There are 2 protein chains.
Amino acid sequence: MRKCGRARYSRAVAVTLKDVARRAGVSPRTVSNVVNGHGPIAPATRSRVEDAITDLGYRPNVLARTLRTGRTGIIALAIPELDVPYFAELARFVVEEAEALGYRVMLEQTDGRVAREREQLRSGPAPLFDGLIFSPISLHGSDIHRLAARSPVVLLGERSDDGLCDHVMIDNVGAARDATAHLIASGRRRVAAIGDQPHVTARMRTAGYSAALADAGIAFDPELLVGARRFHRADGATAMRGLLAGGEPPDAVFCFNDLLALGAMRVILGAGLRVPEDIAVVGFDDIEDGQYATPSLTTVAPDKRFIAREAVRRLVARIADPGLAPQEVEAPYELVVRESSGG
Amino acid sequence: MRKCGRARYSRAVAVTLKDVARRAGVSPRTVSNVVNGHGPIAPATRSRVEDAITDLGYRPNVLARTLRTGRTGIIALAIPELDVPYFAELARFVVEEAEALGYRVMLEQTDGRVAREREQLRSGPAPLFDGLIFSPISLHGSDIHRLAARSPVVLLGERSDDGLCDHVMIDNVGAARDATAHLIASGRRRVAAIGDQPHVTARMRTAGYSAALADAGIAFDPELLVGARRFHRADGATAMRGLLAGGEPPDAVFCFNDLLALGAMRVILGAGLRVPEDIAVVGFDDIEDGQYATPSLTTVAPDKRFIAREAVRRLVARIADPGLAPQEVEAPYELVVRESSGG
DNA sequence: CTGTTAGCGCATTCAC
DNA sequence: GTGAATGCGCTAACAG
């Protein structure tokens, strides 16, 4: 039961369309037309209205307009963690692309917690946002489709089972396979992988890793596949310590993201081993950290700009026409070879 | 001239308070009371209303409520760049603190561009947000006060000249002085600084650097103070290359943020020099990258949690009571000594 | 304790 | 080309 709290500010803000109309000696309707560029308007009237607008410092009330039109001009971007560089970099592109199309972006951090994601779901973007770009961690299938059935949604990440929803992703199996194959091609035989998880993305990267091993006729050694609770530097460090503490150490490590790789590299270097001479390291995501690490990090670079642009465009298209058939688009990626694998 | 675009979804969303009232056989007023927990309500009525709500899947329309109450429950956080780790980490804390107080956070990226920041200003948070936490780069003084006079604002960063606005900052001069003094105390004599800029924050750090030099009776050498266009890794690398290309190289570098330091360190290491043996490095911000770099980075660690909490609390207090006297609060910091300075 | 009523600021359907 | 009236969904006076 707080005070209203707008007392001190409300007067300054309360310039309404009606005020402008009175000032310009026209009807609200006309002002609205001028503001939104609708009907043809007599030049004299127009300039009178425009003068009134600047004189009064009128700005349309987004809220009221939305209540009327049902559109806010804002899209939401729900990502697991703001301080994971991959998402931060992606977010930046999304903001840029959305702005180019006249939308503002509201960022939401889900933390990958099911509850938080589910809440996203329940409430959905409407009516505060026109649509949602969602990078789910814990949620899948039916949950998501229920959301998508109610409001415009574009998913980032794994392919949905049945294509009921717009989707932008990369070929995780292929990318992981390429990364591992690169390591093998440079003469490594004991290639470890860090980042195994129940989550789909991780599973696909594990699959790619195994496939590359099989391609090269190298037997899969379960001891070399290490899990990670999350995809942070600390998890990579922990996993690497385990690998080093075991019997015969690996001569290469493929990490499921750059943060894991950076953590692992720190442990390798800290143990007095050399990268890439003793152990080569490859990451995934191509975050800026990796470029400036010593040694610089070889990594799989998904085309983030492409992902962002495609996601925003599909979402905006769907907002305009909800009947659009859902589409899955695959973003390109490339393997960037740097020092950590002997580049 | 787009289609309305909500056709496919609108029906699913259109459960209004009035529908619930009709269904429960009560007036809208009563439903509103139940939803907002206002007046005391007869248990029987309450449960009837609640049943109707779940049956119909009613969810209050935030927009309409806002139009009425003038409060959205959302605060905006405007930061220069999402993919600068310091801001990303800070943003995370702000989100957490705001959520604890029942607010959602909308993130806005200003890019440090004057135009963008000015736009922030012009539009201000209202009516979409209840308040704004703003980390300005290009804007200052009168601009900001004009904004603050119109709506609840808390500033992050430098002290405003006249205390007209809530403010959370750290003692940049003191921190820079400590960092430089630490380098000098470890026996360094040619201490360089990277990050000089016209911006207030940078100027204060330069002042702290000079002060530490003076304290130790070391003459200020203008060649050792290097500017940086932005505070990114690339700028640190460029600056360091210049320093190395010059005459006598420094034996220590104080960088105005960790990104600069990481960039500089990469160049030092790439030139075959050792850190800290040949050149010690100290950064500023204590981002996670620095902990996992090799060598790990000595840095000034501002208490980000404190900054976020204080900013959110002050803002929420001001939203509740706009008449509150503006306050400046200084967040603590500490020097974290790691390997890059011989820790 | 609950029903009735009146807007919040805007876009828009009708008339003129 | 422009004016008057209506309602988006909700909350808050004001009754009763």
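All values derive from a computational prediction rather than experimental measurement. Residue numbers start from 1 in every chain, and the chains themselves are labelled A, B, ... in the order their sequence lines are given, proteins ahead of strands. Note that these values count all heavy atoms, side chains included, but never hydrogens, waters or copies made by symmetry.
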field: Residue whose nearest DNA chain C nucleotide is more 5′ - B:Thr45 or B:Arg68
entry: B:Thr45
- request: Enter the distance from A:Leu67:CG to A:Asn61:CG here, rounded to the nearest 0.5 Å.
  value: 9.5 Å
- prompt: Residues in side chain to side chain donor-acceptor pair (under 3.5 Å) with B:Asp83, at least two apart?
  reply: A:Arg92
statement: Looking only at heavy atoms, the pair that brings A:Ala98 and A:Val105 closest together is CB-CG2, 3.4 Å
- prompt: What are the bounds, 5' to 3', of the part of DNA chain D that sits under 4.0 Å from heavy atoms of chain B?
  reply: D:dG9 to D:dC14
- request: With sequence neighbours left out, write down each residue that passes salt bridge (Lys or Arg N to Asp or Glu O under 4.0 Å) with B:Asp19, or none if nothing qualifies.
  value: B:Arg22
field: Rounded distance [0.5 Å steps], CZ in A:Phe129 versus CD1 in A:Ile74
entry: 7.0 Å
- prompt: Heavy-atom contacts under 4.0 Å between residues 24-32 of chain A and DNA chain D, which residues?
  reply: A:Gly25, A:Val26, A:Ser27, A:Arg29, A:Thr30
query: A:Arg313: what forms a side-chain contact (heavy atoms from CB on, under 4.5 Å) with it, not counting sequence neighbours?
result: A:Leu101, A:Arg309
query: What pair of heavy atoms forms the shortest contact from B:Val15 to B:Val20, and how long is it?
result: CG1-CG2, 4.4 Å
query: For DNA chain D, whose closest nucleotide is more 5', that of B:Asn33 or that of B:Leu67?
result: B:Leu67
field: Heavy-atom closest pair, residues A:Ile319 and A:Arg71
entry: CG2-NH2, 3.6 Å
- request: Give a yes or no on whether the backbone of B:Ile75 and the side-chain of B:Asp130 come within a donor-acceptor separation of less than 3.5 Å.
  value: no
message: Going 5' to 3' along DNA chain C, which are the first and last nucleotides with any atom under 4.0 Å from a heavy atom of chain A?
response: C:dG9 to C:dC14
message: Using 0.5 Å steps for rounding, measure from the CG atom of B:Leu155 to the CG atom of B:Asp166.
response: 9.0 Å
